[in-house]
There are 2 protein chains.
Amino acid sequence: MARRDDANGTGTLGKAMDVLDAVAAAPSPPRFTDLLGKVDQPRGTLHRQVSNLVEEGLLSVRGDHSYELGVRLLRLASKAWSDNQFRLVAEPHLRRLHDLTGETVHLGVLSGAEVVYLDKVESRQAVRMHSQIGNASPTYCTGVGKAALSALPEAELERRIAALAFRAYTPSTLPDAAALRREIDEIRRSGIAYDREEHEPGIHCVAAPLHSRSRDFVAGVSVTAPAYRIPMARLHEWEPLVRDCARSIMEDMASRLGPRS
Amino acid sequence: MARRDDANGTGTLGKAMDVLDAVAAAPSPPRFTDLLGKVDQPRGTLHRQVSNLVEEGLLSVRGDHSYELGVRLLRLASKAWSDNQFRLVAEPHLRRLHDLTGETVHLGVLSGAEVVYLDKVESRQAVRMHSQIGNASPTYCTGVGKAALSALPEAELERRIAALAFRAYTPSTLPDAAALRREIDEIRRSGIAYDREEHEPGIHCVAAPLHSRSRDFVAGVSVTAPAYRIPMARLHEWEPLVRDCARSIMEDMASRLGPRS
DNA sequence: AATTATGTTCCATATAGTGGAATAAATTGA
DNA sequence: TCAATTTATTCCACTATATGGAACATAATT
């Protein structure tokens with residue numbers, strides 16, 4: 001929810017993105033006046049911004065003046081996904097981790113305050129692919145999220161934690177910054193993060209951090225499983241597999257994309 | 001390829017989108033100078049535009065100064081897809097069409113010169129979902145593309161056809177505007193479009209047009225099948241099913257979203 | 001028909017984007 | 001290793017573009 005500091009460096013573009021975010025965050029297609037309440041812009045200004053977004057195909061307007069995100073985003077995202085070098089490099093490693101564990105494997109990267117899923121490998125492909133790719137979850141209550149946070153340089157970590165708004169998804173969701181901070185320290189020591197049913201009841205996972213040399217992006221790999229079928233002990237056994245997967249993705253990145261990736 | 005008229009009404013935002021398009025169109029992650037050649041902007045200007053896009057997460061820069069589309073697009077597109085009212089309304093109808101035919105069903109909407117796939121229903125879910133959703137194909141050699149074109153008002157159709165650049169994907173791809181024009185007339189009469197292996201050899205389909213009352217968007221539904229297994233005759237038999245599917249989606253839209261959608 | 005809510009247009013003003021040129025950084029070649 | 005060359009980044013006077021308050025138009029509501 002909390003999204004934007006009053007001042008931002010990206011001028012007109014930033015404002016346009018604010019509008020898109022506002023539409024994305026709305027529970028149902030917002031009308032013009034709804035948006036007027038959500039983004040801090042005067043009528044005339046917002047109206048032109050929205051018109052421009054519509055003209056560019058980033059927003060689409062229905063007959064009743066309500067707005068939806070436009071299909072042009074789908075088109076771009078499709079490219080963003082299929083061309084993504086990190087994902088391309090990681091994919092075979094994820095597949096291998098899946099083969100070794102038999103459970104669902106996720107790859108997620110840190111984006112803003114959230115972790116967005118870049119890829120997913122699971123056996124029963126009955127579930128719609130899109131149900132995860134591109135989805136975003138909070139960092140503080142997911143395996144990949146906490147793993148990714150642990151890979152951030154200290155200053156950056158502080159900044160991000162300070163900006164978080166904690167919400168208890170389950171009884172075991174970490175309640176505040178202090179608890180998260182303690183857990184991150186532990187993850188940094190062990191190189192492994194757990195989600196102990198902190199986001200969804202009955203679902204837990206093991207995850208390992210992943211980052212580019214320069215830390216210009218941080219990510220996480222995880223193996224997720226239902227608690228009733230896979231006990232915590234098994235998750236512990238998988239620690240080396242997950243760690244190895246993360247390590248080999250990083251090595252692969254380094255060798256393929258040059259030492260500086 | 002042909003993308004932009006010299007003048008466009010969306011100012012700064014439009015230019016930013018041009019840059020995104022240029023990155024999306026590149027066969028491999030372009031560097032700054034590559035982009036400089038593709039978008040018509042002076043160095044200083046382009047540099048700031050790119051910086052802004054990176055800061056907003058719409059572009060991401062790798063260690064070697066090459067640019068990729070950013071993950072924020074995935075996040076937005078995920079929302080764009082899951083919230084899309086048209087798709088939500090259409091989904092059960094697509095599923096029904098799939099059950100009746102046993103073959104792959106597509107839903108695509110017209111976006112610029114292309115048709116982008118909004119949904120896909122197929123039995124063997126082995127294929128990755130993202131392999132189609134958000135993908136774009138030319139209008140003039142796909143079933144949904146031609147169907148969608150046929151639903152455009154005359155003036156709009158002329159304009160779009162004039163802007164097309166024809167490329168022969170297969171021996172049966174329509175070669176030019178005249179041939180397409182003739183076929184569109186036929187589709188308007190019959191209400192059914194065929195792709196006779198015009199995009200991919202061995203793949204053909206039946207499609208029907210679909211549009212919102214006000215024509216502010218046009219789309220198509222199709223049943224696609226391999227030619228070796230499903231003969232043309234069978235496609236003909238499916239005509240009523242496809243037409244009914246399109247009709248019932250439109251009716252459903254009208255009733256759910258109000259008479260004006 | 002009058003009232004209220006909602007959407008759209010206008011235009012003087014200021015802000016934010018522009019772009020040519022200078023600087024810095026990385027890469028290549030001798 | 002150092003110069004030559006390519007490539008990326010910064011700077012800033014200038015101006016095009018976005019701004020926003022207010023007037024106007026168009027539904028919806030009473």
When rounded to the nearest 0.5 angstrom, what distance separates CZ in A:R75 from CG in B:L20? 12.0 Å
Test item: A:R160 side-chain N/O and A:G112 main-chain N/O as donor-acceptor pair under 3.5 Å: yes
Spacing between B:L53 atom CG and C:dG17 atom C1', to the nearest angstrom: 14 Å
Could you say whether A:L13 or A:Y67 is positioned toward the 5' end of DNA chain C, judged by the nucleotide with the nearest heavy atom to each? A:Y67
Can you check the B:D64 CG to C:dA26 P distance for me, whole Å? 13 Å
Using only atom types and a distance under 3.5 Å, with no angle test, would you say the side chain of A:Q49 pairs donor to acceptor with the backbone of A:K15? no
Who pairs with B:S248 by side chain to side chain donor-acceptor pair (under 3.5 Å), at least two apart in sequence or on another chain? B:H93
Please work out if B:H65 contacts a base, only the sugar-phosphate, or nothing of the nucleic acid, heavy-atom cut-off 4.0 Å. sugar-phosphate
Would you please confirm or rule out a distance under 4.0 Å between OP1 or OP2 of D:dA18 and any side-chain N or O of A:Q41? no
Please list, by residue number, the residues of residues 28-35 of chain A whose heavy atoms come closer than 4.0 Å to an atom of DNA chain C; answer none if no residue qualifies. A:R31, A:F32, A:T33
Report the distance from atom CG of A:D40 to atom C1' of D:dA18, rounded to the nearest whole Å. 16 Å
Taken in chain and number order and not counting sequence neighbours, the residues that satisfy side chain to side chain contact (heavy atoms under 4.5 Å, CB included) with A:P27 are A:K38
Whether the side chain of B:D34 engages the backbone of B:R31 through a donor-acceptor N/O pair (distance < 3.5 Å, no angle test) should be reported. yes
Could you please name the option among C:dG7, C:dA16, D:dG20 that lies closest to any side-chain atom of A:T12? C:dA16
Determine whether the aromatic ring centres of residues B:H106 and B:Y117 are separated by less than 6.0 angstrom. yes
Looking at CZ of B:R43 and CG of B:L36, how far apart are the two atoms once the value is rounded to the nearest 0.5 Å? 5.5 Å
How many whole angstroms separate atom CG of B:L36 from atom C1' of D:dT6? 13 Å
Quickly work out the B:N52 CG to D:dT17 C1' distance and round it to whole Å. 15 Å
Looking at A:R43 and C:dG7, is any side-chain donor or acceptor paired with a base atom of the opposite kind under 3.5 Å? yes
Okay, side chain of B:S66, backbone of B:R62: is any donor-acceptor separation there less than 3.5 Å? no
Hey, is the side chain of A:H47 poking within less than 4.0 Å of OP1 or OP2 on C:dT8, counting only N and O atoms? yes
I want to confirm an ordering. Mapping B:T45 and A:Q49 to their closest nucleotides on DNA chain D, which one lands closer to the 5' end? B:T45
For B:S111, all residues meeting side chain to side chain contact (heavy atoms under 4.5 Å, CB included), sequence neighbours excluded: A:V71, B:V116
Using the 3.5 Å cut-off, write out each protein N or O paired with an N or O of nucleotides 10-14 of chain C and the distance between them.
none

The helix from C:dT8-D:dA23 to C:dA30-D:dT1: angle between its terminal axes, five pairs each, to 10°? 50°
Over 60° means perpendicular and under 30° means parallel, so tell me whether B:H47 and B:F32 are parallel, tilted or perpendicular. perpendicular
Mind calculating the distance between CG (A:L46) and C1' (D:dG20) to the nearest angstrom? 12 Å
Classify the side-chain pair A:T10/B:E56 by whether it contains a donor and acceptor separated by less than 3.5 Å. yes
